[in-house]
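For ligands, and for the atoms within them, numbers begin at 1 and follow the listed sequence.
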Amino acid sequence: MICVGIGRGRHRHMLAEHKHLVDNGVELVELRLDYIQGEVQVKRLLKDRPGPVIVTCRRKSDGGRWEHSEDARLRLLRTAIVEGADYVDLEDDVAAGVPRYGTTKRIVSHHDFQKTPADLTILHNKLAAMDADIVKVAAMANHPTDNLRMLQMIVASKVPTIGLCMGDIGVPTRILAGRCGAPLTYATFNDDRVLAPGQIGWRQMRDMYRYDSITPATRIYGVVADPVGHSLSPMVHNAALAAAGIDAVYIPFRVPAEQIDEFLTNASRWPLSGLSVTLPHKEAVLRHATVTDPLVTSIGAANTLTFTGDQVAAANTDATAAIESLAAALRSDDAAQNEEGLGVKTALVLGAGGAARAVAFGLKKRGVEVTVTSRTLDRAKAIAAEVGCKSVEWASRHRMPYDCIVNATPVGMHPNVDESPYDKEHLRPYMVVFDTVYNPENTLLIKEARGVGCRTVTGVDMFVRQAAIQFRIWHGQEPPLDVMRDALKRATASAKQPS
Ligand code: NAP
């Protein structure tokens, strides 16, 4: 069950949000009394409540907003119990002093905003012994393994237990809590009004992650990155899984660079079925691959991992996706499959990062004469040496004409939508212009290229194709391309901090 936290300054707003949520099928809400400004009227909130509630009044030291006396806070919680609140949240240092009464169920909770405590079993036993109907532990995750310890605590407990890791690293516990047996997870009313670090909006939890249909049989996929909060892959993959009726969920895993080895060593403990891999892990994950496809070996980077028993298969779908996108734009789809020419003879790749390397390899493999240019010439030279192509200085990128221009830099990406990495006056109608940036889809470069009459390929096309190839690898069936494309477009339209 998803419990939606309501934190509003006025009683009438709290009541209105509660009604709205019940009208939308939400079964449980948490009324955060500490958010109310002025005198708190518990009876008013409970009297005509449209559905069950957890009553919580959190002190500042526990991450809340309560500024008044502890006596007044405890009086409110006791009043909530007397008034028949469905649940009341009692922190572990006060639970013993607030006796059980009537039908109100007791959630005995512990919060730690610094770390996930080392011995969760001892903590859990202590909380359970305080006449708890439900035990709740919410603790900051500093390491992906904290999530595993938290989920394990839920699995091992005999008392119903909510175990959540806070912060970006802890997001997987919020999505997987129910899979491990937790009676509920918490979500926010509004994505912008987060009541605890790492919380997810309830619509996202319900509609995108399909929290209520996640069971122990649900397979776990995800994207591993740092940062990961801006990744649009969860929207795209979860939409595809839902449309295809596949019992799997796709989760964002924030894993700092120095923790990737331990994270992958623990893959079977989640257990993970597959991962999209992005910055900064595309090269590091190769240390854990037991099977690598030839493209991964030549590029030296993977963006896809598949876990089967003890095997970890690494693939790179970026290069194939880039070439498929170009081939489709040139109306020579066969070329992508037949390893024949693409219909362009020369290409200039702007940038010398992971995307540039994948695109340069893919183009070279199709017989295109590739030149790489980058702000940092040494990086362009390094790619040129690996791929077996030319490099030119960034300042000289307009000197020679090319059949195809590929932007593999972030230039033009939101919010810098007025920038282009290639001057308009050097664009020619015979050119194919491919911008790997997907947010926005129609970058300034794409718009200017269309203005000149060039054929264009957008980053949305490439992004959807690389995700679609992953879908095929993982699920062995054709991906719902239109669903993925629509999900990406919706996500980019609403994204504030794109990658
Ligand atoms: P990366 O490894 O960080 O490389 C970025 C490259 O862009 C570097 O060569 C960097 O130059 C250059 N660069 C950055 N800012 C620049 C600027 N203001 N002017 C000129 N050059 C600049 O990143 P990546 O993984 O290759 O990704 C690059 C872009 O590709 C992303 O922003 C993303 O939009 C796109 N991408 C799209 C897809 C897709 O599926 N559509 C997939 C992957 C990536 P320096 O070396 O000098 O820093």
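- One finds the CG atom of Asp146 at 8.0 Å from the CD1 atom of Ile169 (value rounded to the nearest 0.5 Å).
- Interface of Val437 with ligand 1, defined as ligand atoms under 4.0 Å from a residue heavy atom, comprises 34 (O).
- Residue Thr436 places at least one N or O, backbone or side chain, under 3.5 Å from an N or O of ligand 1.
- Remark: ligand 1 and Gly354 share an N or O pair separated by less than 3.5 Å (distance only, no angle test).
- Taking the six-membered ring where the residue is Trp, the centroids of Trp270 and Phe307 are separated by 6.0 Å or more.
- The shortest side-chain heavy-atom distance between Asp461 and Arg485 falls under the 4.5 Å cut-off.
- Aromatic ring centres of His475 and Tyr221 lie closer together than 6.0 Å.
- Heavy-atom contacts of Thr376 reach the following atoms of ligand 1: 45 (P), 46 (O), 47 (O) (cutoff under 4.0 Å).
- When each atom of ligand 1 is checked for a heavy atom of Gly459 under 4.0 Å away, the hits are 41 (N).
- Residue contacts with ligand 1 for Arg379 involve side-chain atoms from C-beta outward but no N, CA, C or O (heavy atoms, distance under 4.0 Å).
- Using a 4.0 Å cut-off between heavy atoms, Ala408 contacts ligand 1 through its backbone alone, with no side-chain atom that close.
- Under the side-chain hydrogen bond (donor to acceptor under 3.5 Å, both in side chains) criterion, Gln114 pairs with no residue at all, not counting sequence neighbours.
- Between the choices Ala321, Ala355, Gly353, the shortest heavy-atom distance to atom 44 (C) of ligand 1 belongs to Ala355.
- For the residue pair Asn190 and Thr188, no side-chain donor N or O sits within less than 3.5 Å of a side-chain acceptor on the partner.
- For the residue pair Ala322 and Met462, the shortest heavy atom distance occurs at CB-SD, 4.0 Å.
- With ligand atoms numbered from 1 in the order given, ligand 1 contributes 9 (O) to contacts under 4.0 Å with heavy atoms of Gly351.
- Screening residues 235-247 for side-chain hydrogen bond (donor to acceptor under 3.5 Å, both in side chains) gives Thr218-Asp247, His237-Gln470 as the qualifying pairs, with residues at least two apart or on separate chains.
- Under a 4.0 Å criterion applied to the non-hydrogen atoms of Ala352, ligand 1 contributes the atoms 8 (C), 9 (O).
- Side-chain contact between Met235 and Arg490: absent, with no pair of heavy atoms (C-beta onward) separated by less than 4.5 Å.
- Between Arg375 and ligand 1, an N or O atom pair is found at a separation short of 3.5 Å.
- Closest heavy-atom approach to atom 29 (C) of ligand 1 among the candidates Val464, Leu488, Leu377, Thr409: Thr409.
- At least one heavy atom of Ser374 sits under 4.0 Å from some atom of ligand 1.
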